[in-house]
Number of protein chains: 2
Amino acid sequence: MPASAGNLDEIRQLTEKECRLTPQRGAILQALLEMEDRHPTAEEVYQVARRNWPSLGLATVYRALDMFAGLGVLYRLDAGDGRIRYEINDGPHQHLICLGCGRIFEIREPLELEGLLKSKYSDFEVTYSSIRFFGYCQDCRLKKQR
Amino acid sequence: MPASAGNLDEIRQLTEKECRLTPQRGAILQALLEMEDRHPTAEEVYQVARRNWPSLGLATVYRALDMFAGLGVLYRLDAGDGRIRYEINDGPHQHLICLGCGRIFEIREPLELEGLLKSKYSDFEVTYSSIRFFGYCQDCRLKKQR
DNA sequence: ATCAGTGCAAAAGTTTTGCACCTAT
DNA sequence: ATAGGTGCAAAACTTTTGCACTGAT
């Protein structure tokens, strides 16, 4: 799903309710939209966002990413490699993380897990869930066989 | 489920097949068993294991935890707080992670997710999966209401 | 004799924080 | 004037690595 201008506007509106959308934050959002399917790290967001705002500081990126995650605009994703990755929150989905090449694949399988949980563990209020499958993608499986 | 001697022996046997069970590694395993339900970080394992082997070094703990995870004796758990946590691998289960107090609750809900995946995404070979639910436990929900 | 394993210290890497400055309101 | 936001540098933290040493086989 590619980024759309409408998408960005929605996020702008959402963001402006709570805090200022400075040019720095705009550049960071745009970078995230450009890299929507790439699950970038903070450093990667920083590199891309600097193309539009060269004086940007890395600390500003971290602060903005924290803020966006707090607003629910972003999700944090941990692929197990020691760095936090970020993705635009465009609905629930799951990740396939390849232990060979590190690539992250997205799948969207409707799962009624939270409903199941709510009925069984009603004293825990689920805000969001994370489902990750670790393993080997087709490319890496072929490489292993050789 | 409390630690049992049988449990430790099983792990010892499993471990000795592949590498030496040194006193350092024994102390680390025992610490993990003592903290079985606490999902300790490497630093926490280090502190507890040092009670039984005071000269233990932190690097040794990291190396042993890596090895045990590689052998499948341990699972790594990321609770989203920037530190890797470890737990004895005693079968598939899921985690409820409280965003208020940081406590981690375990649930064991049989889910046939991997079978579902295998049928739908047959070109990705799943080694293991991680399902985490983030939210607020009952204690923290009550605190929020006040 | 060899080789895996260890402890210490240093290094590496990511993320956070302190602080002075800036900029909208 | 004030409060929020920024950039830079330093700090904090977790994890990894280099190296000399040890101890078992």
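Remember, it's a predicted structure, so these values are computed and weren't measured experimentally. These numbers come from the heavy atoms of this one structure, side chains and all, not from hydrogens, waters or symmetry mates. In what follows, chains are A, B, ... by sequence order, proteins preceding strands, each numbered from 1.
The nucleotide whose nearest atom lies closest to any side-chain atom of A:S55 is, among C:dT15, D:dG7, D:dT6, D:dG7. Considering only side-chain atoms of B:T22, the nucleotide from C:dT6, D:dT6, D:dT15 that sits closest is C:dT6.
For the pairing with B:L74, the side-chain contact (heavy atoms from CB on, under 4.5 Å) check across B:L32, B:I28, B:L29, B:D66 returns one residue only, B:L32. If you run side-chain contact (heavy atoms from CB on, under 4.5 Å) between B:Y136 and each of B:L99, B:L96, B:L142, only B:L99 comes through.
To the nearest angstrom, C1' of D:dT15 lies 11 Å from CG of B:L65. For the pair B:L58 CG and C:dT6 P, the interatomic distance rounds to 13 Å; values are reported in whole Å. Remark: C1' of C:dT15 and CG of A:D78 are 14 Å apart, rounded to the nearest angstrom. Atom-to-atom, CD1 of B:I28 to P of C:dG7 comes out at 8 Å; the value is rounded to the nearest Å.
Between A:V61 and A:R50, every side-chain heavy-atom pair lies at or beyond the 4.5 Å cut-off. In this structure the side chain of A:R85 never reaches within 4.5 angstrom of the side chain of A:R38, judged on heavy atoms.
For the OP1/OP2 pair of D:dG7 and a distance below 4.0 Å, the side-chain nitrogens and oxygens of A:W53 include at least one atom meeting the criterion. OP1 or OP2 of C:dT15 sits under 4.0 Å from a side-chain N or O of A:Y62. Dashed line: the shortest gap from a side-chain N or O of B:R83 to OP1 or OP2 of D:dC13 is not under 4.0 Å.
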- Item | Base-contact (B) and sugar-phosphate-only (S) positions in nucleotides 18-25 of chain C, heavy-atom cut-off under 4.0 Å, - elsewhere | B-------
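B:E44 contributes a side-chain N or O that, together with a main-chain N or O of B:T41, makes up a donor-acceptor pair within less than 3.5 Å.
Aromatic ring centres of A:Y128 and A:Y75: separated by under 6.0 Å.
Among the heavy atoms of the strands, none lies under 4.0 Å from A:T41.
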